[in-house]
Amino acid sequence: GVQTCALPILKVKSGGVSIYPNPTKDVVNIYCKEGIKEVKVFNSLGKEIKQLKVNTEKVTIDLSEFVHGLYLLEIHANNNAIFHEKILVQ
């Protein structure tokens, strides 16, 4: 038979956030007009490697400590929306 399971619905969006430069060699700037309350950085294995709690429209994160590769940014906006963006560190 078919089993179903109820999952909570999260507001997962992309497009309300600006990320630049991408790709980057060191810092990345994140802008969200709704305001940002938290940013998490995940490596390609899905492990959280950095977390910043903020309360601002623009955040600058230094990624120069990380090896070259693709990372995922999880941006929590003040309106409770969650944005997922990929960033390439060169």
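Any value given below was found using the heavy atoms of this structure, including those in side chains, with hydrogens, waters and symmetry copies removed.
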**Asked** If you measure from NZ on Lys40 to CD1 on Ile61, what distance do you get to the nearest 0.5 Å?
**Response** 12.5 Å

**Asked** Is any side-chain heavy atom of Asn22 less than 4.5 Å from a side-chain heavy atom of Val28?
**Response** no

**Asked** Is there a donor-acceptor contact under 3.5 Å linking the side chains of Glu74 and His84?
**Response** yes

**Item:** Minimum heavy-atom distance between Phe83 and Cys32, given as atom pair plus value
**Value:** CE1-SG, 4.2 Å

**Request:** Could you tell me whether a side-chain N or O of Lys50 sits under 3.5 Å from a main-chain N or O of Leu63, the two making a donor and an acceptor?
**Result:** no

**Asked** If we only count heavy atoms from C-beta on, is the Ile75 to Val59 side-chain gap below 4.5 Å?
**Response** no

**Message:** Using the rule that Ile, Leu, Val, Met, Phe, Trp and Tyr join whenever any side-chain heavy atoms are under 4.5 Å apart, tell me whether Val27 and Ile36 fall into a single cluster.
**Reply:** no

**Asked** Can you tell me how far the OH atom of Tyr20 sits from the CD1 atom of Ile87, to the nearest 0.5 Å?
**Response** 12.0 Å

**Prompt:** Cluster question for you: counting only ILVMFWY and a side-chain heavy-atom cut-off of under 4.5 Å, with indirect links fine, are Leu88 and Val41 together?
**Reply:** no

**Item:** CD-NZ distance between Gln90 and Lys25, expressed to the nearest 0.5 angstrom
**Value:** 5.5 Å

**Prompt:** Do Lys37 and Asn80 meet the criterion of a side-chain donor-acceptor pair at a distance under 3.5 Å?
**Reply:** yes

**Request:** For Asn55 and Asn78, run side chain to side chain contact (heavy atoms under 4.5 Å, CB included): C-alpha distance rounded to whole Å, both residues' side-chain angles, the deciding distance at 0.1 Å, then the answer.
**Result:** CA-CA 8 Å; Asn55 186 13; Asn78 285 335; 3.5 Å; yes

**Asked** How long is the gap from NZ on Lys58 to OG on Ser18, to the nearest 0.5 Å?
**Response** 10.5 Å

**Message:** Hydrophobic cluster membership, with links at side-chain heavy-atom distances under 4.5 Å among I/L/V/M/F/W/Y: are Phe42 and Val17 in one?
**Reply:** no

**Fill in**
Closest non-hydrogen contact found for Glu34 with Ala77 is CB-CB, 4.4 Å

**Message:** Quick check for you: to the nearest 0.5 Å, what is the distance between Leu45 atom CG and Leu72 atom CG?
**Reply:** 12.5 Å

**Prompt:** Do Leu73 and Ile49 share a hydrophobic cluster (ILVMFWY, side-chain heavy atoms under 4.5 Å, transitive)?
**Reply:** yes

**Item:** Inter-residue atom distance Ile19.CD1 - Ile30.CD1, 0.5 Å rounding
**Value:** 5.0 Å

